Structures are given as C-alpha cells and as structure tokens.
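As structure tokens, the structure follows; a few thoughts come after it.
Just so it is clear, the model here is predicted, and its values are computed rather than measured. Heavy atoms only: backbone and side chains are in, while hydrogens, waters and symmetry mates are out. Within every chain, numbering begins at 1; the chains are lettered A, B, ... in the order of the sequence lines, protein sequences first and strands thereafter.
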There are 2 protein chains.
Amino acid sequence: MPETSKPLRADAERNRRLLLDAAADAFAEHGLEVGVAEIARRAGVGQGTVFRRFPTKEHLIAAIVVDRMHQATARGREVLTDPDPDGALFELLASMLGSQQADRSLFEAVADTFLSNEDIRAAHTELVGVLDQLLGRAQDAGAVRDDVGALDVLMMFKGVCEATRAFSSVDADIAARQLELVRAALRPVGTSERLSGRPPTLADMERAFPRAEGKASA
Amino acid sequence: MPETSKPLRADAERNRRLLLDAAADAFAEHGLEVGVAEIARRAGVGQGTVFRRFPTKEHLIAAIVVDRMHQATARGREVLTDPDPDGALFELLASMLGSQQADRSLFEAVADTFLSNEDIRAAHTELVGVLDQLLGRAQDAGAVRDDVGALDVLMMFKGVCEATRAFSSVDADIAARQLELVRAALRPVGTSERLSGRPPTLADMERAFPRAEGKASA
DNA sequence: ACCTGAACACCGTTCAAGT
DNA sequence: ACCTGAACACCGTTCAAGT
C-alpha cells in the first residue's frame, strides 16, 4: 500500500525515477557520502526537486533499499518451487550477497535506517515471510537445524554483508566463504548442541527499532 | 611505537585524556553523530583543542577504538593459559561482544575507518595474533575445524556485532544466540564439507584497505 | 607549545519566485 | 502541482590572537 499512496503527476513521477537511478549509480560508485547536489546534477533536475520527491536524503536511500529488498523477495519466490529446498535457500542468500557486492553501501543503509522507515518495514516483513517459507522447507527436508528462525538467518546474512563489505571488489571468494560458514552453522545438530533462547521475531525487531514516522494509526 | 611518538606537554596530555573520556561517553550515549562542539564542552576544553589533539574527528574515534582493541588483546592474552582452549576462544569473543554492546557504535567505527588508520592497523594485527594463538590451540584440541583462520573468525564476529547492534539494549540474548551460531559454524566437519578457497590473510586486508596516511616508509 | 573561539567551508534542507 | 536555485542552518575544520 505505501507504494501507491498518490498517483504523481507525469513529470514528478519521471523525476522520481531519474533521481532513484542517478542516486543508485552515484552511491554504487562513491558510497553514501555523495552530495545531494551531485545526485541532482546527474539526474538533471534542480537540487530542490530532490527534497520535493523525498523528504530527506535518508528517505531517498531508503527508497533504493526498498527496491533491492523487493528484488530479493521476488527472487525468493522464484526459488520457492525449487526441488532442492536447502539449495534454494542458499541460492537466495548468494544472490542477495551478489547484489550487495555490486553496489557499495546497500545493506549498509539498512543498518541505520532500518525499520525507522515505514516502507522498509513493509519490504522487510515480506522478505522475512519468503525466507521463512524457504527455511521451513529446508528444515522439513532435514537439511537445516530446526531451532533457528528466518530472522536468525537474516541476521547472520546481514553480518556477512557487513563483515565482507570492504572485500567486495578485492576478493569475492571471501564473501562466499563466509556464506559457507553460515551454511555450516545451520547444519542439523544433536539435542545437546541446541541454541539457547528462542528465535527472534518481528515483534522483537519492532521493539528494537522504534517507529519514527508514519501518520498515526489511522 | 605509534603510542609513544612524542611526550606531550602536561596540559596537552591531560586534555587528550579528557577528550577521549568525554568522547567515549558521548558516543556511548548518542552514537557517533554527536558534534565536536558537544564533546569539547563535556571535556571542558575549547573546540579548537579537539583538532589540535586529533587531526580529525575520525582520528578521535579511531583512538577510542584502538583503546578497546588493546583491551580485547589483553583479555585474549589472559585466557591464553586457560586449560579449555575452546572455552577460552569463545570467552574472548563473548567478552568483546559485551564491551561492544555496552557502547553503541564501537566496532561500527571499525567498519569505516578500519585499516586506513595506522594505529588501528597495529592494534588489529596484535589482536589477530592473539586470536590466531587461541584458535590454533582450540584446533589442536580438536574442538574447532582446522580449515578456518583467525580472520575468518574475526569476520564472523564482526558480523555478529553489526547484525545485533540495534538489539544491544533490548535483547542481549539475541547476540548470545548469534555467537552460539558462530560456534556451531566452527565445529569440526567431515572432509566433504570443507570450505572453499583459503583463509583470508592480513595481506588480503592490506589489499582491501588502502593505506591512506602514515609518513612514508621511512 | 598549547589553548581558544570566531570565521570558514561544506552540505543537507528550506522557501520565495516562477511555470 | 511541481520545478528551481539562492539562502539558511549546521557542523567539521582552520587560524589569528592570546597564554
């Protein structure tokens, strides 16, 4: 629903797209510290237009992140019918890792903005939903330990993204290796080696990331 | 050696300490975005003094990080004589995780500044050295798979720090859980499940983090 | 040598004027 | 409604004057 809040005027919609593309390119090349002026210049619009389309620079970043999360969710739905559930799960993670390595600072933004943004919240919930299904299938097949939840996996994945960020360009193998270690961590285990506590839930995340914006509860 | 470059004048040394303490407190409370003016105020010095003691705000942050890394290294040396090598390794990691949860944005800084700073480079190398010893002992005892290196472990750990950052205050259990998953990833495995490639080395890191400052190679 | 705070530079954000 | 760029605010950094 946050996607179709208002049918923008033609030029506005066009500028929005131009800005998203220009910003994605600029961020991919130079990281998040590129100035708004530079982005506006690349998009061929006035500097003020940036803030007319996005309340803040962080919202612009968030919009790009939401795009990527939607892509990941779509990819997840694709592999959902894969005959090999274990392979499907890690193919999704590998695919996400690849797209985060192409860019610089992609999920980096997620760390800060995360659930403070309503759109990211929604996209995140969707992604967790797909991950949950993939994980459940892998667990049913006995390929993954059954005491982990989708958020456990997502957190580990996020860890890999962050830890290997600087290596993206230099050594893609290092990231792949870290992903293999995640896979190793998720192998089925005996009852004596079960994890403490319970898997984190979306409610835990809600608690950790206080809701900042959003126009009340209607 | 970078520690004892010049015996500062008494008041300068005192101000340096005041600034480090004030900054550590401020960052712990409000994150890295606290202004230099605020830090100077807390330390009771002029704003210009900050830049006289530290060439840049990032250097100030780096100095604090170096302090923490030294603490971690010291802790690692303590547990080096622990009769249980496996326990010693994870006690160190748990201890490091605890200190990163106390602060906010501690190893967060490491991600950006990382090896661009000469002092951090040195502290990092030391820490890796101790980790390497602890890991080697655990591997010799057969408690940890032998196809991982100290940097594999450190990267996984860094991932846990990043991924659980927001949860620090809310739910310390979640971080502990992630650390247990790291432990699971490091369990010995059959020859069919070995990792691809080779463990990352310090040379890999040097390549990933271009050397920015430092007065030539003397 | 070091300290200080006013001045500078830079960049995100706002807004009056224009279409 | 939306676009624009000049003006504003904020914050890291510099520097002339003081000790």
Side-chain angles (χ1 to χ4, degrees), chain A residues 4-27 29-65 105 108-109 112-113 116-117 212-213, chain B residues 4-27 29-65 105 108-109 112-113 116-117 212-213:
Chain A
T4 51
S5 33
K6 291 281 168 159
L8 291 170
R9 214 170 73 177
D11 54 349
E13 181 56 42
R14 185 176 143 281
N15 283 340
R16 194 186 123 88
R17 193 72 345 247
L18 284 172
L19 280 167
L20 282 175
D21 291 344
D25 286 353
F27 291 149
E29 285 178 40
H30 307 109
L32 295 178
E33 68 277 13
V34 284
V36 169
E38 164 74 7
I39 293 171
R41 199 187 54 68
R42 285 197 188 212
V45 303
Q47 194 170 171
T49 304
V50 180
F51 292 93
R52 178 149 260 277
R53 294 279 66 85
F54 304 94
T56 182
K57 183 186 179 183
E58 223 169 279
H59 280 81
L60 170 56
I61 296 172
I64 297 174
V65 172
S105 68
E108 161 189 10
D112 308 330
T113 335
S116 59
N117 181 301
E213 46 193 344
Chain B
T4 50
S5 32
K6 291 282 167 162
L8 292 168
R9 215 169 72 178
D11 54 349
E13 181 56 43
R14 185 177 143 277
N15 283 340
R16 195 186 122 89
R17 207 27 40 218
L18 284 172
L19 280 168
L20 282 175
D21 292 345
D25 286 354
F27 290 149
E29 285 178 40
H30 307 109
L32 294 179
E33 68 277 11
V34 283
V36 170
E38 164 73 7
I39 293 170
R41 200 187 53 68
R42 285 199 190 211
V45 303
Q47 194 170 170
T49 303
V50 179
F51 294 93
R52 179 148 258 277
R53 295 278 65 87
F54 304 94
T56 182
K57 183 187 180 184
E58 223 170 278
H59 280 80
L60 171 57
I61 296 171
I64 297 174
V65 172
S105 69
E108 160 190 10
D112 309 329
T113 334
S116 59
N117 179 302
E213 46 193 343

Given atom CG of B/Leu60 and atom P of D/dG12, what is their separation to the nearest angstrom?
11 Å
If you compare every side-chain N and O of B/Arg14 against the phosphate oxygens of C/dC2 (OP1, OP2), does one of them come in below 4.0 Å?
no
Look through every strand shown and name the nucleotide pairing with D/dC3 as Watson-Crick or G-U wobble, where both distances are under 3.5 Å.
none
Considering only heavy side-chain atoms of A/Arg53, the closest of D/dT14, D/dC2, D/dT4 is D/dC2
Remember a base hit wins even if backbone is also touched, and classify A/Gly48 as base, sugar-phosphate or nothing at under 4.0 Å, heavy atoms.
base
So, is A/Thr56 close to the C/dT13 phosphate, meaning a side-chain N or O under 4.0 Å from OP1 or OP2?
yes
For C/dC2, take OP1 and OP2 only and decide whether either is under 4.0 Å from a side-chain N or O of B/Arg9.
no
Where do A/Val36 and A/Leu60 land on the side-chain contact (heavy atoms from CB on, under 4.5 Å) test, with the steps shown first?
CA-CA 10 Å; A/Val36 169; A/Leu60 170 56; over 6 Å; no
Taking for each residue the nucleotide of DNA chain C bearing the nearest heavy atom, is the 5' side occupied by A/Thr49 or by A/Ala37?
A/Ala37
When the distance from CZ of B/Arg41 to C1' of C/dT4 is rounded to whole Å, what number comes out?
17 Å
Check the phosphate of C/dT14 against A/Arg52, side-chain N and O only, distance under 4.0 Å to OP1 or OP2. Yes or no?
no
Under a 3.5 Å limit for both distances, which nucleotide forms a Watson-Crick or G-U wobble pair with D/dA17, could you say?
none
Select base, sugar-phosphate, or nothing to describe what A/Val45 touches, counting heavy atoms under 4.0 Å on all strands.
sugar-phosphate
Could you give me the CA-CA distance, side-chain angles and deciding distance for B/Phe54 and B/Ile61, then say whether side-chain contact (heavy atoms from CB on, under 4.5 Å) is met?
CA-CA 9 Å; B/Phe54 304 94; B/Ile61 296 171; over 6 Å; no
Under a 3.5 Å cut-off for both contacts, is C/dA9 paired Watson-Crick or G-U wobble with anything, and if yes, with which nucleotide?
none
